[in-house]
K.L.:
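Dropping a structure here in structure tokens format, bear with me for questions.
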Amino acid sequence: MSGSPLSDRKPNVEEPPGEPTEDVNLLQTVPEGKCLEIIPKPDDEASSSSGMQRDHTVIRVPHRKRSSLTRKRTKRFLDQGCRRVSSKAFWFQKLPCLEFARNYDLSCLVGDMVAGVTVALTVIPQGIGYAPLAGLPLQYGLYAAIVPAFVYAVLGTCKESNIGPTAVNALMSFNYAGNSVVHAVALAFFSGIIEILAGCFKLGFLVHFISSPVISAFTSAVSIQVATSQVKGLLGLQISSRGFINTWIGVFQNMDRVRPCDAALGFTCIGILLFLRKVKDTHWCEGPDPETIRARFFAKFKWMISISRNCVIVILSAVIAYVLTEVYEMKDVLILTGEVVPGLPSIQLPWQIPTQNQTIVTPAELVSDLGIGIIMVPIVSFLQHLAIAKFYASGNKAVDASQEMVALGVSQFLGSFVGSLPVTSAFSRSAVNSSSGVRTTFGGILTGIIVLMTCSFLTPHFGYIPKSALSAVIISAVIFIVDIEILLPIWRSKKIDLVPFCLTFFLGLFVRVEVGMIVGTLVHLSMLIFTASRPKVTVKEGQIDNIPYILVTPDRGLFFPSVDEIRTKILEIVQNNQSNETHLLTPIIMDMSQVREMDYTAASGIRGLTKSLKKSGQHVYFCCVDESIEEILQGVDSSLFLAYVNLQDAEQKIRGS
């Protein structure tokens, strides 16, 4: 109850004799055309004693109307749902392709075709390279780029984003599924289901509890692990060690077994890839005038060579390997990827994929085998995807996180039926898509068609690709994902954030990447909770007509961790008052103007403390209490809660006491 008139508050509902009633909203419970009996009620004694009058109205609402009211509410809810589903805005939100198609023209088609071809030249060598990283045959890297391209063209909102295989997901797939095709595809299947459900229930906000330092440290640790895992292939070493420390130990212990031709080809490919990455930024052969035909031609040519550098390296290295092995019959000069199954993938459930020992694995067994990976892979996949969508989002339009989660989930779920490993967006392909001038998400359709054609006609030739060349492609891609630029801003702004960053990075690098993310997130949330549990409480001395009082002002919402902090502050004030005889009964005013949220524990603690202090002669007055906070404080205790509209009213109460 407030210390000011509350004519705009809800009336009290009293149960008349013989007819039970419900305490419900008046406007929702009173049927049209029905009369209500209005009975005046005497003013509250407590309110009268405090000098404030209140008007109360008792409204009789018969209990027998409840069933009809429930039916009306249900009917109204269903009507609203039907109207929403049948509206154009609903379908334009759920199928963003309709919005793109409405304004589609020839210029959009040209831009999407150029971008689709360009991204295909990037995703094909990446898919071939990431499949061995996941412990799978090469063709499964291509399968992962087929269905997502078509699905995201229909459900996606970010035209620059391209969903397909990534180094992070490939490594996590191997960590949880090993080199089992069935388990890797099942991981994509269950990840898609979880992402679809999370998107339908609007749970996209949960990923915001993972902070930027944790995400940056996680991606950096994964990138270093991926690059480390490719050192063996780069040097031509055939060792089975996995993990950061074990891999480097195995490499140094087997330095005498390094294959010179593989190492030479691998390092040469890295050098060429790094060179081609920068060649688009040069002005070679353009001449002094950038507007001439010659300048524009060479600028476009260098740009095309630069963005398709992975494909160029794979093709050139495969040609070299073919010449050496078939023409000159140097069969063992390079380690090749070997035979690749040609043709399009079969459409089947993950657990129906044939295995080498012809064993049948049930879905329940797959869930048990994959363990926490079913949770970690969807989270990490969506974090990568959302980061890219936010990066490319236009300034006047926010990212629909739930819709993006559904789009990614459907891509994973349907992709698993054709043998896709877990997928998500990639920064490298999204950057290529953006620089290619993509206009809509329809560019992914052409990318998917080109990948389909590659699976149909070119997979037999993938057997000549050297493993060292694939390792060079992966290393050259992931080394630029390592985010060291964030360290200096964190150091200059808030050094304590380096704690979750370092924990995530080092645990992810030396233990497991998911352990690093979990620990880093929990530590950062613990730091946040610790900060919330220690609100800044300002204590000032004031007076009205030479009557002193103490003003206590919390600076934020109060929740159960902060109860002890508030109690300690008030008890310190009380002890100081009791130690000074002249301020024995100095009243305390709690200014709640900054408190917008409060839970039951905090409210119960505050009410209990003020009641115990009142018994000892120490008065505590509340002012500037929000209506919702007042209802919480009144609800935790049946006794009257009195609050004043502003500080001046509380001061007047002290003066009149």
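Remember, predicted model here, so these are calculated numbers, not experimental data.
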K.L.:
Please report the shortest heavy-atom distance between Met590 and Pro554, naming the atom on each side.
P.N.:
CE-CG, 4.2 Å

K.L.:
Assess whether atom CZ of Phe480 is packed by more than 12 heavy atoms of other residues, nucleotides or ligands within 6.0 Å.
P.N.:
yes

K.L.:
Salt bridge or not for Arg76 and Asp79, using N-O below 4.0 Å?
P.N.:
no

K.L.:
Counting only heavy atoms not in Glu485 (residues, nucleotides, ligands), do more than 12 fall under 6.0 Å from its CD?
P.N.:
no

K.L.:
Please indicate whether Gln543 has more than 12 foreign heavy atoms, meaning atoms of other residues, nucleotides or ligands, lying under 6.0 Å from its CD.
P.N.:
yes

K.L.:
Tell me, please, which residues at least two apart from Gln384 pass side chain to side chain donor-acceptor pair (under 3.5 Å).
P.N.:
Asn169

K.L.:
Taking atom NZ of Lys536 as the centre, report whether more than 12 heavy atoms of other residues, nucleotides or ligands fall under 6.0 Å from it.
P.N.:
no

K.L.:
Less than 6.0 angstrom separating the ring centers of Phe641 and Phe622, yes or no?
P.N.:
yes

K.L.:
Using every non-hydrogen atom in the two residues, find where Ile163 and His385 come nearest and quote the distance to one decimal.
P.N.:
CD1-CE1, 4.0 Å

K.L.:
Going by the salt bridge (Lys or Arg N to Asp or Glu O under 4.0 Å) test, which pairs reach into residues 401-412, not counting sequence neighbours?
P.N.:
none

K.L.:
Which pair of non-hydrogen atoms, one from Ile486 and one from Ser212, has the smallest distance, and what is that distance?
P.N.:
CD1-O, 4.3 Å

K.L.:
Using every non-hydrogen atom in the two residues, find where Tyr392 and Cys158 come nearest and quote the distance to one decimal.
P.N.:
CB-SG, 3.8 Å

K.L.:
Any carboxylate oxygen within less than 4.0 angstrom of a Lys/Arg side-chain nitrogen, looking at Asp649 and Lys653?
P.N.:
no

K.L.:
Taking atom types as modelled, find out whether Thr424 and Thr166 have a side-chain donor-acceptor pair closer than 3.5 angstrom.
P.N.:
no

K.L.:
Which pairs of donor and acceptor atoms, one on a side chain in residues 499-513, lie under 3.5 Å apart (sequence neighbours left out)?
P.N.:
{"residue": "Thr504", "atom": "OG1", "partner": "Pro500", "partner atom": "O", "Å": "2.7"}
{"residue": "Thr504", "atom": "OG1", "partner": "Gly516", "partner atom": "O", "Å": "3.3"}
{"residue": "Arg512", "atom": "NE", "partner": "Glu514", "partner atom": "OE2", "Å": "2.2"}
{"residue": "Arg512", "atom": "NH2", "partner": "Asn175", "partner atom": "O", "Å": "3.4"}
{"residue": "Arg512", "atom": "NH2", "partner": "Glu514", "partner atom": "OE2", "Å": "3.0"}

